[in-house]
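Everything on this sheet refers to the single structure shown next.
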Amino acid sequence: MGRVQGKVAMVTGGAGGLGAAQCRLFAREGARVAVADIDPAAAEAVAAEIREAGGEAMPVTLDVTDERGWDKAVAEVTGEMGRLDVLVNNAGIAILGSAEDMSLDDWRKTMAVNLDGVFLGIRAAIRAMKGHGGSIVNISSIKGMIADPMTVAYDASKAGVRNLTKSAALHCAQERYGIRVNSVHPTYVMTDLVRNAAASLDDPDAFLEEVLAKHPMGELCEPEDVAYAVLYLASEESRRVTGAEMVVDGGYLAQ
Ligand code: NAD
């Protein structure tokens, strides 16, 4: 028996670095997986890889900022897989900019994906899960707890996800829906999100060295490290955990 055996799990941004690792781990642990992403070909590639490995997976095309797109995507998943037990609101973007120089357009783009997208996902999932319960996991960041001068919109959006999670958790608890809502706060992981942000700086190597030096364990995390935290929150092992924050950061925030 897998740790999420028989559950139906949907992961947004499921074709990216952290999301794909979550999809693969969920499938290995017995879940049927909906790989939801704005990039249909990349979502299909991850779903195909899972199927080739003997798992069950379907691709779903979804832009998390699209309100109607959410209704369609959840209907596709429940139509094909029968139900929805787990939603991971994982899709996110990072646009560099300080409180002095960030454009309003970039601020709004960030908020649309990282905060509106999570709200829309939570709302759609509650509506789909409330008859039978479930687990919603929101991928925030250590940057939802501490800030950086270069990522004002990202940090604000991730802090928003932290308390959005708690409000939704309390609502679901109060209504006795059996739906738990938690957030995960990873440190830096070498995915496209970090690689692209670093590449836009004058000295990417110096930035990455500086980041590494802030990690007491002397290394960054891998996508699987985050996926295991998500797996725990998605599984029945965490059945009394809601409104909680799980940090996966190699000791970064302990300093
Ligand atoms: P990534 O860039 O590797 O992957 C992101 C995925 O999201 C891509 O597949 C992309 O196509 C998809 N996506 C982007 N916009 C979308 C939209 N509007 N709708 C649907 N899908 C969309 O990023 P990642 O590093 O895997 O990050 C995943 C999550 O983890 C993000 O929320 C990110 O903020 C968070 N996070 C990442 C790190 C890190 O260091 N990589 C650290 C902390 C938190």
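What's counted below: heavy atoms across the whole structure, side chains too, no hydrogens, waters or symmetry copies. Just so you know, ligand 1 is whichever comes first in the structure, and atom 1 is the first atom listed for that ligand. What you see is a predicted model; the values in this text were computed from it and never measured.
Which parts of ligand 1 touch Pro186 is read off a 4.0 Å heavy-atom cut-off, strictly below it: atoms 42 (C), 43 (C), 44 (C). For ligand 1, the atoms lying closer than 4.0 Å to a non-hydrogen atom of Asp63 are 17 (C), 18 (N), 19 (N). Within the listing of ligand 1, atoms 40 (O) sit less than 4.0 angstrom from a heavy atom of Tyr188. Here is the list of ligand 1 atoms found below 4.0 Å of a heavy atom in Val194: 39 (C), 40 (O), 41 (N). Interface of Gly17 with ligand 1, defined as ligand atoms under 4.0 Å from a residue heavy atom, comprises 3 (O), 4 (O), 26 (O).
At least one N or O atom of Val64 sits closer than 3.5 Å to an N or O atom of ligand 1. Where the criterion is an N or O separation shorter than 3.5 Å, residue side chain and backbone included, Gly16 meets it with respect to ligand 1. Residue-to-ligand polar distances place Val189 within reach of ligand 1: an N/O pair is separated by less than 3.5 Å. For a threshold of 3.5 Å applied to N or O pairs, the pair formed by Tyr154 and ligand 1 contains at least one separation below that value. Distances between N or O atoms of Asn90 and those of ligand 1 include at least one value under 3.5 Å.
Thr187 O, 3.0 Å is the protein heavy atom nearest to atom 42 (C) of ligand 1. Scanning all protein heavy atoms for the shortest distance to atom 10 (C) of ligand 1 gives Asp37 OD1, 3.5 Å. Counting only heavy atoms of the protein, atom 13 (N) of ligand 1 lies nearest to Ile38 CG2, 3.9 Å. Leu18 CD1, 3.7 Å is the protein heavy atom nearest to atom 37 (C) of ligand 1.
Look at Ser140 and you'll find a heavy atom under 4.0 Å from some atom of ligand 1. For the ligand labelled ligand 1, residue Lys158 lies inside the 4.0 Å heavy-atom shell.
Salt bridge annotation for Arg123-Glu67: present, with a cationic side-chain nitrogen under 4.0 angstrom from a carboxylate oxygen. Residues Glu224 and Arg24 are not paired through a salt bridge, judged by the lack of any N-O separation under 4.0 Å between the basic side chain and the carboxylate. Look at Asp192 and Arg195 and you find a salt bridge, because one of the NZ, NE, NH1 or NH2 atoms lies within 4.0 Å of a carboxylate O, short of that distance.
Only backbone heavy atoms of Leu62 (N, CA, C or O) come within less than 4.0 Å of ligand 1; its side chain stays farther off.
Using a distance-only test at 3.5 Å, with no hydrogens or angles considered, a donor-acceptor pair links the side chain of Asp203 to the main chain of Ala206.
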